[in-house]
Each structure stands twice: as C-alpha cells, then as structure tokens.
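Notes for the one structure printed next.
The residues of the chain are indexed from 1 along the displayed sequence. All values below were derived from every heavy atom in this structure, side-chain atoms included, with hydrogens, water molecules and symmetry-related copies excluded.
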Amino acid sequence: MDILAEVLDRVRLGGTLLFRFELSHPWSLALPERPYALFHYLSHGAATLTLEPGLKLCLTKGDFVVVTRGDPHLIYSDCQAKPLPIMDLDRDSGQLSSIRHGGSTEPLSKMICGYFAMSQPSRGNLMELLPPVLLLKPTADRDWLGLILERMASEAALERPGQRVALSRLTEVLFVEVLRSWIKSLRPGEGGWLGAMADPHIGPALQLIHERPDQPWTLRDLGHRVGLGRSVFSARFTKLVGQSMYSYLVARRMAEAAFLLESSDEGIARIATRVGYETAAAFSKLFHRHYGVSPGRYRSVRRSDGGQRQAGVVGEEVAD
C-alpha cells in the first residue's frame with residue numbers, strides 16, 4: 001500500500017492560482033489570515049517573507065514557499081515600503097489576476113501566488129504535519145516546479161471550457177510534488193508519519209496498520225513483523241512518528257471509520273467491526289471522544305454539507 005496515495009485519495013484537495021505579480025522596488029504586499037495554505041513562487045528577483053512571531057525568510061529566484069496554516073504574512077523588497085493589502089483571495093473566478101505594484105526602480109521581481117485547500121475529517125489534517133512555512137529551494141531535479149506553475153498560469157490566463165477542473169487537477173499534481181520534495185529533505189524524527197515512512201522498520205509497521213486497521217495489533221506483534229523487539233520498536237515508533245503506536249492505531253481506525261461513514265451505507269455495527277471493535281457501543285464511545293459527535297450524527301452532518309462544501313473550505317469542524 002502507498003500510504004501517502006491512500007491519504008491523498010481520501011481528502012478533497014482543491015486550490016488554484018490567484019495572482020501573477022510584477023513588482024518594482026520598493027514594494028510590499030500584505031496577505032491576510034486565511035483558512036487554507038497560501039503558496040508563492042518567485043520566478044524572478046528577490047524578496048523577504050515575514051511571519052509572526054518573528055519568522056523571516058529571504059527568498060531568491062526559483063524559491064517556492066508555502067504558508068501552510070494560512071497565517072497573515074508580509075512579502076517585500078523594502079520593509080519601509082507601505083504594504084499593499086491583498087484582500088481578493090476568496091473570489092470564485094478561476095482566472096488569474098495580474099497586478100503591477102511598487103516603485104519605478106530596479107530590481108524587478110515576478111511572483112505567482114495561489115492556494116491549497118484540503119477538506120477532510122477535522123482530526124489528523126495532513127497540513128498539521130507540515131511546518132508553518134515550507135520553503136523549497138531550486139535544485140537540478142526540481143524543474144517540474146516552474147513547468148507546472150507556468151502551465152497553471154497559462155491555463156488560468158483565458159477562460160476556457162473545463163478550466164476549473166484543469167486547474168484543480170494541476171493543483172493536485174503540484175501539491176503531491178511539493179510533498180515529495182519536502183519528505184525527501186526530512187531528517188530522522190521530522191515530519192511525523194510522513195517522514196517515518198522511509199524508515200526500514202517503522203515504514204513497514206505503518207503499512208501494516210494502514211492495510212489492516214481491524215487487527216488487534218500489539219507492540220510485540222508489530223515489532224516481530226518488522227524485526228525489532230517490543231521495547232526497541234515502541235521507542236523507535238514514538239520517536240519517529242511523534243506519538244505512540246497505540247495512539248496512531250486509534251487515529252488510523254477513527255480516520256477509516258470517518259471515511260466509511262461518509263462514503264458508504266454500511267451500518268455502524270459493521271463499520272465498528274471493520275475498524276477493529278467488537279461492539280458498536282465501544283466504537284461509538286471512542287468515536288465520540290475523538291470527533292466530538294456520535295458516528296450517526298457525524299454521517300448525517302458530513303453528508304448534508306458534502307454536496308455544498310467547496311474546495312476552499314478546509315477541515316471544517318463538525319458541531320453538535
């Protein structure tokens with residue numbers, strides 16, 4: 001099983017390009033807080049990105065940066081320049097807006113901005129595993145980045161049939177490539193389960209949990225399957241994944257249950273069995289503790305708003 005493919009296949013990933021900027025020094029842009037991840041690709045020039053509290057990144061040509069939590073931030077060539085507020089982030093149009101801003105002097109900077117949005121059960125959001133700011137520097141094997149973004153910009157430049165679908169699919173490809181590049185850069189112990197997938201022992205253990213969440217896995221069982229003793233396996237799992245094996249197993253079971261509640265008509269007792277619980281009562285109690293609502297209530301609410309929810313709505317909390 002490709003764990004990352006399985007997770008991405010079960011979330012509603014959306015997004016598109018928003019702006020193409022041509023910026024003459026001195027310039028400054030202010031982006032407000034949003035409920036989704038904003039990304040910026042600096043195709044020419046240099047800039048500084050600042051994010052509260054006190055985080056500052058110096059960007060150069062070819063840098064791609066994702067503000068994964070949608071925190072408010074500034075991007076500028078001169079910190080003394082008056083920021084231009086960029087407020088038109090939630091428009092429904094798929095067309096790319098071109099903005100020229102700044103003074104009249106060199107250097108000229110060019111930047112493409114857009115967003116990633118992910119709608120899925122409110123617990124275990126993939127974005128939570130990413131750092132608040134994810135920076136990818138240009139490398140010899142990263143030509144795909146500029147190519148995808150330029151193709152997206154070309155698609156967004158003119159209104160054509162199927163444009164929204166094309167941009168959504170290109171955004172998915174872009175997000176997967178960004179994730180791959182980030183995972184490749186991780187050191188041991190970074191990135192939660194995304195980073196732990198590459199470990200020769202913990203990676204196979206994660207795969208077993210994802211393939212058979214219904215199994216009554218124990219530390220001894222999983223450790224034996226991947227060639228480690230119970231204590232060594234437990235310590236290694238917690239260190240690399242960032243939570244105990246049992247906590248991860250419960251989260252995996254709850255995520256599977258949530259998916260089945262949304263996507264199937266199976267009864268709650270049957271779903272309980274499929275995710276490893278002998279009784280519907282035991283399952284329902286744990287599900288309520290995890291999501292804050294009963295399985296039946298979760299199903300009805302998620303289905304009632306599933307057809308209305310747009311890709312720009314991220315990780316919506318289910319309220320009783």
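Side-chain contact check for W217 versus R212: some heavy-atom pair is nearer than 4.5 Å. Contact annotation: the side chain of T218 approaches that of D221 to within less than 4.5 Å [non-hydrogen atoms, C-beta and beyond]. R169 is not listed as a side-chain neighbour of V173, based on a closest heavy-atom distance of 4.5 Å or more. With a 4.5 Å cut-off on side-chain heavy atoms, R299 and E262 do not count as touching. A heavy-atom distance below 4.5 Å is not found between the side chains of L23 and K110. Considering only heavy atoms from C-beta on, T273 stays 4.5 Å or farther from D214 through its side chain. Residues Y115 and V67 are not in side-chain contact: their nearest non-hydrogen atoms beyond the backbone lie 4.5 Å or more apart. Here the side chains of P295 and S284 are in contact, with some heavy-atom distance below 4.5 Å.
Follow the hydrophobic side-chain contacts under 4.5 Å out from L108 and you never reach L59; the two are in separate clusters. Connection of L57 to Y76 is not established within any shared hydrophobic cluster, with ILVMFWY side chains joined at heavy-atom distances below 4.5 Å, either directly or through further cluster members. The cluster map of Ile, Leu, Val, Met, Phe, Trp and Tyr, joined by side-chain heavy atoms under 4.5 Å apart, puts I112 and L74 in different clusters.
The CG atom of L84 lies 6.5 Å from the CD1 atom of I99; values are rounded to the nearest 0.5 Å. In this structure, S43 OG and K61 NZ are separated by 8.0 Å, a value rounded to the nearest 0.5 Å. Between the CD atom of Q215 and the CG atom of L249 there is a distance of 10.5 Å, given to the nearest 0.5 Å. Annotation: the span from Y298 atom OH to I268 atom CD1 amounts to 12.5 Å, rounded to 0.5 Å. With values rounded to the nearest 0.5 angstrom, L13 atom CG is found 7.0 Å from L8 atom CG. One finds the CG atom of D63 at 6.5 Å from the CG atom of L42 (value rounded to the nearest 0.5 Å).
Under the 3.5 Å distance criterion, the side-chain polar atoms of S77 are matched with a main-chain donor or acceptor of W27. With hydrogens and angles disregarded, a donor-acceptor distance shorter than 3.5 Å links the side chain of S109 to the backbone of A46. No side-chain donor-acceptor contact under 3.5 Å links H40 to the backbone of C113. Between the side chain of S300 and the backbone N or O of R297, at least one donor-acceptor pair lies under 3.5 Å. In this structure, the side chain of S154 does not engage the main chain of E150 through any donor-acceptor pair within 3.5 Å. Counting only distance, with no hydrogens or angles, the side chain of T68 and the backbone of P132 share a donor-acceptor pair below 3.5 Å. When atom types are taken as modelled, the side chain of R100 and the backbone of E22 share no donor-acceptor pair closer than 3.5 angstrom. A donor-acceptor pair under 3.5 Å is absent between the side-chain atoms of D199 and the main chain of A196, judged by distance alone.
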>> What verdict does the side chain to side chain contact (heavy atoms under 4.5 Å, CB included) test give for V133 and V66, after you've listed the backbone C-alpha separation in whole Å, the side-chain angles of each residue and the deciding distance to 0.1 Å?
In response: CA-CA 6 Å; V133 178; V66 186; over 6 Å; no
> side chain to side chain contact (heavy atoms under 4.5 Å, CB included) between I209 and M245: does it pass, once the steps are laid out?
Replying inline: CA-CA 9 Å; I209 291 173; M245 186 279 289; 4.2 Å; yes
>> Working note: L174 + L149, criterion side chain to side chain contact (heavy atoms under 4.5 Å, CB included); need CA distance, chi angles, decisive distance, verdict.
In response: CA-CA 8 Å; L174 177 62; L149 286 163; 3.9 Å; yes
>> side chain to side chain contact (heavy atoms under 4.5 Å, CB included) for V250 and M254? Distances and angles first, verdict last.
In response: CA-CA 6 Å; V250 169; M254 294 301 102; 4.2 Å; yes
>> What verdict does the side-chain hydrogen bond (donor to acceptor under 3.5 Å, both in side chains) test give for S247 and S244, after you've listed the backbone C-alpha separation in whole Å, the side-chain angles of each residue and the deciding distance to 0.1 Å?
In response: CA-CA 5 Å; S247 294; S244 72; 3.0 Å; yes
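Residues passing the side-chain hydrogen bond (donor to acceptor under 3.5 Å, both in side chains) test with R230, sequence neighbours excluded: none. Contacts of T279 classified as side-chain contact (heavy atoms from CB on, under 4.5 Å), with partners at least two apart in sequence or in another chain: A281, A282.
Defined by atom type and a distance below 3.5 Å, a donor-acceptor pair is missing between the side-chain atoms of T171 and S168. For the residue pair H25/T105, the side-chain donor-acceptor check at 3.5 Å is not satisfied.
Closest heavy-atom contact between Y41 and G62: CE1-O, 3.7 Å. For the pair K56 and T48, the tightest heavy-atom approach, listed with the atom from each and the gap, is CG-CG2, 3.5 Å. The nearest pair of heavy atoms linking P72 to E33 is CD-CB, 3.7 Å. The shortest non-hydrogen separation linking R20 to A153 is NH2-CB, 2.9 Å. Of all the heavy atoms in A257 and V275, the pair that sits closest is N-CG1, 3.9 Å. Among all heavy-atom pairs drawn from A30 and P83, the shortest one is CB-CB, 3.8 Å.
Taking a cutoff of 4.0 Å between a charged side-chain nitrogen and a carboxylate oxygen, R69 and D71 do not qualify as a salt bridge. The pair E256-R253 does not count as a salt bridge, with every side-chain nitrogen at least 4.0 angstrom from each carboxylate oxygen. Electrostatic pairing of E190 and K184 does not count as a salt bridge here, judged by no charged N lying under 4.0 Å from a carboxylate O.
Checking each of I75, L135, L29 against L49 for a side chain to side chain contact (heavy atoms under 4.5 Å, CB included) leaves exactly one that passes, namely I75. With F64 as the partner, the ring-ring contact (aromatic ring centres under 6.0 Å, His included) test is satisfied by one option alone out of W144, W182, F39, F175: F39.
Ring-plane geometry between H210 and Y248 is classed as tilted, the angle between the planes lying from 30 to 60 degrees on a 0 to 90 degree scale.
More than 12 heavy-atom neighbours from other residues, nucleotides or ligands sit within 6.0 angstrom of NZ on K137.
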